[in-house]
Amino acid sequence: LHGACGRTSQPLRAASSPNGRAKNYASRLPGADINKGVTAVNIAFLAHDKKKELMVQFCTAYKSVLMKHNLFATATTGRLIADNTGLPITLLLSHKQGGHQQINARIAYNEIDLVLLFTDPNTTDPWDDSQMIETIRHCDRHNVPIATNLASAEMFIMGLQRGDLDWREMLHTKTRF
């Protein structure tokens, strides 16, 4: 991992509370452009339990890049990222409560531009496997880049820094139903 510069912490932001209503803990709204001249993209983070620490290390290393974008994650992964990096992140439901489905729905509605899904290839839980495959299929179906390991995630982040994912912006301007 490459080192990243630090920034003051911003508050945590949750997408929904137990009653299903949205709660915002940060003034930055999803889709808002934080830095002038930088196209903010929406990035989703998901990680198997054994890969959560790697995800935190990744986010720490690339904090200076990630802070320019809108971040979404399932509950536990998002809390770990926010607590350890200070990055503002929109928390979705936990994996077991439907967080994967929430991310899949956002992919289908063109609200996610990049998915970082750190998987454990040694998992034996068929339910976890089916959830991952469903997310990968959603990304394939809707042409959303997805990284399932550290090497591909670093490639996407480097590309994001260069502006290689700016083409996703024109998809956001499409007329929606």
Side-chain angles (χ1 to χ4, degrees), residues 1-2 4-7 9-16 22 24-47 54-75 77-82 84-92 99-119 132 135-176:
L1 294 172
H2 303 284
C5 66
R7 186 171 127 172
S9 296
Q10 292 185 358
L12 186 62
R13 176 177 69 206
S16 61
N24 282 321
Y25 294 107
S27 60
R28 184 166 65 107
L29 298 174
D33 207 3
I34 306 168
N35 299 337
K36 270 190 165 177
V38 175
T39 302
V41 300
N42 298 323
I43 306 171
F45 297 89
L46 302 104
L54 180 62
M55 181 67 79
V56 169
Q57 291 172 3
F58 176 83
C59 291
T60 300
Y62 290 104
K63 180 178 176 179
S64 64
V65 176
L66 296 172
M67 69 177 46
K68 299 171 187 171
H69 302 283
N70 305 307
L71 313 178
F72 301 83
T74 51
T77 302
R79 269 193 213 95
L80 286 170
I81 293 169
N84 288 283
T85 66
L87 289 167
I89 191 154
T90 300
L91 297 178
L92 303 174
H100 261 85
Q101 289 87 350
Q102 285 183 305
I103 288 176
N104 291 345
R106 287 174 184 254
I107 291 167
Y109 281 101
N110 197 34
E111 296 173 359
I112 296 292
D113 301 302
L114 173 63
V115 175
L116 302 180
L117 169 65
F118 284 9
T119 62
M132 283 186 315
T135 299
I136 292 168
R137 284 185 180 150
H138 267 77
C139 288
D140 288 346
R141 187 176 299 122
H142 298 283
N143 205 28
V144 173
I146 184 169
T148 59
N149 59 53
L150 180 62
S152 57
E154 285 187 320
M155 295 294 288
F156 281 128
I157 292 298
M158 293 302 189
L160 188 61
Q161 221 173 357
R162 285 190 310 264
D164 293 352
L165 294 175
D166 287 354
W167 63 271
R168 294 278 312 157
E169 182 61 27
M170 73 180 165
L171 297 177
H172 292 285
T173 59
K174 279 187 351 184
T175 306
R176 293 190 181 165

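V41 approaches H69 most closely through the heavy-atom pair N-ND1, 3.0 Å. Closest heavy-atom contact between I107 and C139: CD1-SG, 3.7 Å. Contact between N149 and S152 at its shortest, heavy atoms only, is OD1-N, 2.9 Å. Nearest heavy atom pair, residue I89 against residue A73, reads CD1-CB, 3.6 Å.
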Could you walk me through whether I136 and L117 satisfy the side chain to side chain contact (heavy atoms under 4.5 Å, CB included) test, starting with their C-alpha distance in whole Å, then the side-chain angles of each, then the deciding distance to 0.1 Å, before giving a yes or no?
CA-CA 9 Å; I136 292 168; L117 169 65; 4.2 Å; yes
What's the verdict on side chain to side chain contact (heavy atoms under 4.5 Å, CB included) for H138 and V144, showing C-alpha distance, side-chain angles and the deciding distance?
CA-CA 8 Å; H138 267 77; V144 173; over 6 Å; no
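Atom CZ of R141 has more than 12 neighbouring heavy atoms from other residues, nucleotides or ligands inside a 6.0 Å radius.
Residues forming a side-chain contact (heavy atoms from CB on, under 4.5 Å) with A105 (at least two apart in sequence, or on another chain): none. Scored by the ring pair (Phe, Tyr, Trp, His ring centres under 6.0 Å) test, F156 finds no partners at all (sequence neighbours excluded). Residues that satisfy the side-chain contact (heavy atoms from CB on, under 4.5 Å) test with D164, not counting sequence neighbours, are R162. In this structure T135 satisfies the side chain to side chain donor-acceptor pair (under 3.5 Å) test together with N104, sequence neighbours excluded. N84 meets the side chain to side chain donor-acceptor pair (under 3.5 Å) test with no other residue; sequence neighbours excluded. Legend: residues meeting side-chain contact (heavy atoms from CB on, under 4.5 Å) with Q101, ordered by chain and number and at least two apart, are Q131. Take A153 and apply the side-chain contact (heavy atoms from CB on, under 4.5 Å) test, not counting sequence neighbours, and it matches F58, L116, F118, A147.
Residues Y62 and E154 form a side-chain contact, since some pair of their non-hydrogen atoms from C-beta on lies under 4.5 Å apart. Within the 4.5 Å cutoff, the side chain of T148 has no heavy atoms near those of the M132 side chain. Within the 4.5 Å cutoff, the side chain of K63 has heavy atoms near those of the L87 side chain. Here the side chains of L66 and I157 are in contact, with some heavy-atom distance below 4.5 Å. When side chains are defined from C-beta on, L150 counts as touching L54, because their heavy atoms get closer than 4.5 Å. L80 has its side chain out of reach of M55: every pair of non-hydrogen atoms, C-beta onward, lies at least 4.5 Å apart.
In this structure, the separation between OG1 on T90 and CD on Q102 is 11.0 Å, given to the nearest 0.5 Å. Residue L114 holds its CG atom at 12.0 Å from CG of N70, rounded to the nearest 0.5 Å. Atom NE2 in H100 sits 7.0 Å away from atom OG1 in T74 (nearest 0.5 Å). To the nearest 0.5 angstrom, R137 atom CZ is 12.5 Å from I146 atom CD1.
Of the possible donor and acceptor atoms, none in the side chain of N42 sits under 3.5 Å from a partner among the backbone N and O of D113.
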